[in-house]
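What follows is one structure encoded as structure tokens, with my remarks underneath.
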Amino acid sequence: VAVILAGYFGLGATSEWLESHFFAPPAVFSSLVTDTEFLGFRRAGNWWVVGLHACVVAVNVLCEELWFRGMIFPLQEARWGNRAWLIHGLSYHAFHMFYPWDAIRLLPESLAYGFVAQRTKNTWTCIVMHSALNGIGVVLSGLAV
């Protein structure tokens with residue numbers, strides 16, 4: 001988790017550079033989550049919005065982790081052996097290229113999930129890591145209420 005956070009925040013300037021020179025996010029992205037709203041719902045005084053955010057994160061994390069680490073990774077490991085974590089990390093990274101402005105910043109996270117999955121031989125470790133990282137947004141949603 002520390003490596004992922006260091007990479008994410010340490011490489012934040014690359015996202016700004018890519019965004020300003022090549023890949024600006026669609027306008028709708030800036031309206032989906034703001035300091036005052038989540039998916040168009042006003043946060044202030046609405047605790048249920050935090051619950052909605054938590055549900056979105058839970059579904060996202062479980063679906064991604066069970067698919068990538070639970071289903072795809074074992075197949076890649078059988079084919080690629082000790083290099084599976086790298087192949088897996090790069091394929092997981094490619095899946096997230098609908099955020100091209102975050103391509104560099106998300107790379108350490110993508111590789112870390114593959115590495116941890118291979119080292120621990122356990123999908124739950126990545127579920128906990130992914131939940132902790134995405135859960136930061138839920139905590140921030142709670143603070144915004």
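When a residue number appears, it is its place in the shown sequence, counting from 1.
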Would a single hydrophobic cluster contain both [Y] and [X], if residues Ile, Leu, Val, Met, Phe, Trp and Tyr are joined by side-chain heavy-atom contacts under 4.5 Å?
| X | Y | value |
| --- | --- | --- |
| Trp80 | Ile72 | no |
| Leu133 | Trp67 | yes |
| Phe38 | Trp48 | yes |
| Phe9 | Ile136 | yes |
| Leu5 | Leu140 | yes |

**Message:** Let's go through Met129 and Val116 carefully: what are the C-alpha distance in whole Å and the side-chain angles of both, what is the deciding distance for side chain to side chain contact (heavy atoms under 4.5 Å, CB included) to 0.1 Å, and is it a yes or a no?
**Reply:** CA-CA 10 Å; Met129 286 173 54; Val116 168; 3.7 Å; yes

Closest heavy-atom pair and its distance - [X], [Y]:
| X | Y | value |
| --- | --- | --- |
| Ala117 | Cys126 | N-SG, 3.9 Å |
| Ile4 | Ala112 | CG1-CB, 3.7 Å |
| Arg69 | Pro74 | O-CD, 3.5 Å |
| Pro108 | Gly7 | CG-CA, 4.1 Å |

Measure the spacing between [atom1] of [X] and [atom2] of [Y] and express it to the nearest 0.5 Å.
| X | Y | atom1 | atom2 | answer |
| --- | --- | --- | --- | --- |
| Thr125 | Asn122 | OG1 | CG | 4.0 Å |
| Leu18 | Ile104 | CG | CD1 | 4.5 Å |
| Gln76 | Gln118 | CD | CD | 10.0 Å |
| Glu37 | Arg42 | CD | CZ | 9.0 Å |
| Tyr113 | Ile127 | OH | CD1 | 11.0 Å |

Under a 4.5 Å cut-off applied to non-hydrogen side-chain atoms, are [X] and [Y] in contact?
| X | Y | value |
| --- | --- | --- |
| Leu11 | Leu106 | no |
| Phe22 | Pro100 | no |
| Phe23 | Glu19 | no |
| Leu90 | Leu107 | yes |
| Trp101 | Trp17 | no |
| Val145 | Asn46 | no |

Side-chain donor-acceptor pairs of residues 49-63 under 3.5 Å, sequence neighbours excluded:
| unit_1 | atom_1 | unit_2 | atom_2 | d |
| --- | --- | --- | --- | --- |
| His53 | ND1 | Ser141 | OG | 2.9 |
| Asn60 | OD1 | Asn134 | ND2 | 3.3 |
| Asn60 | ND2 | Glu64 | OE2 | 3.2 |

**Message:** Does the plane of the ring in Tyr92 sit parallel, tilted or perpendicular to the ring in His88? Use 30° and 60° as the thresholds.
**Reply:** parallel

**Request:** Please assess Ser15 against Arg105 for the test side-chain hydrogen bond (donor to acceptor under 3.5 Å, both in side chains), listing each intermediate value before the final yes or no.
**Result:** CA-CA 7 Å; Ser15 293; Arg105 179 165 60 174; 3.2 Å; yes

**Request:** Take Glu77 and Arg83 through the side chain to side chain contact (heavy atoms under 4.5 Å, CB included) test and state the conclusion after the steps.
**Result:** CA-CA 8 Å; Glu77 193 171 34; Arg83 293 177 303 219; over 6 Å; no

**Message:** Tell me whether the count of non-hydrogen atoms from other residues, nucleotides or ligands lying under 6.0 Å of CE in Met97 goes above 12.
**Reply:**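 Check passes, neighbour count above 12.
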
**Prompt:** Are Trp85 and Phe73 near enough that their ring centres are under 6.0 Å apart?
**Reply:**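 Ring centroids of Trp85 and Phe73 are no less than 6.0 Å from each other.
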
**Message:** Could you check whether any side-chain N or O of His93 sits under 3.5 Å from a backbone N or O of Leu111, counting only pairs where one atom can act as donor and the other as acceptor?
**Reply:** no

**Message:** For Arg43 and Val33: C-alpha separation, side-chain torsions, deciding distance, then whether side chain to side chain contact (heavy atoms under 4.5 Å, CB included) applies.
**Reply:** CA-CA 10 Å; Arg43 292 183 196 207; Val33 179; 3.1 Å; yes

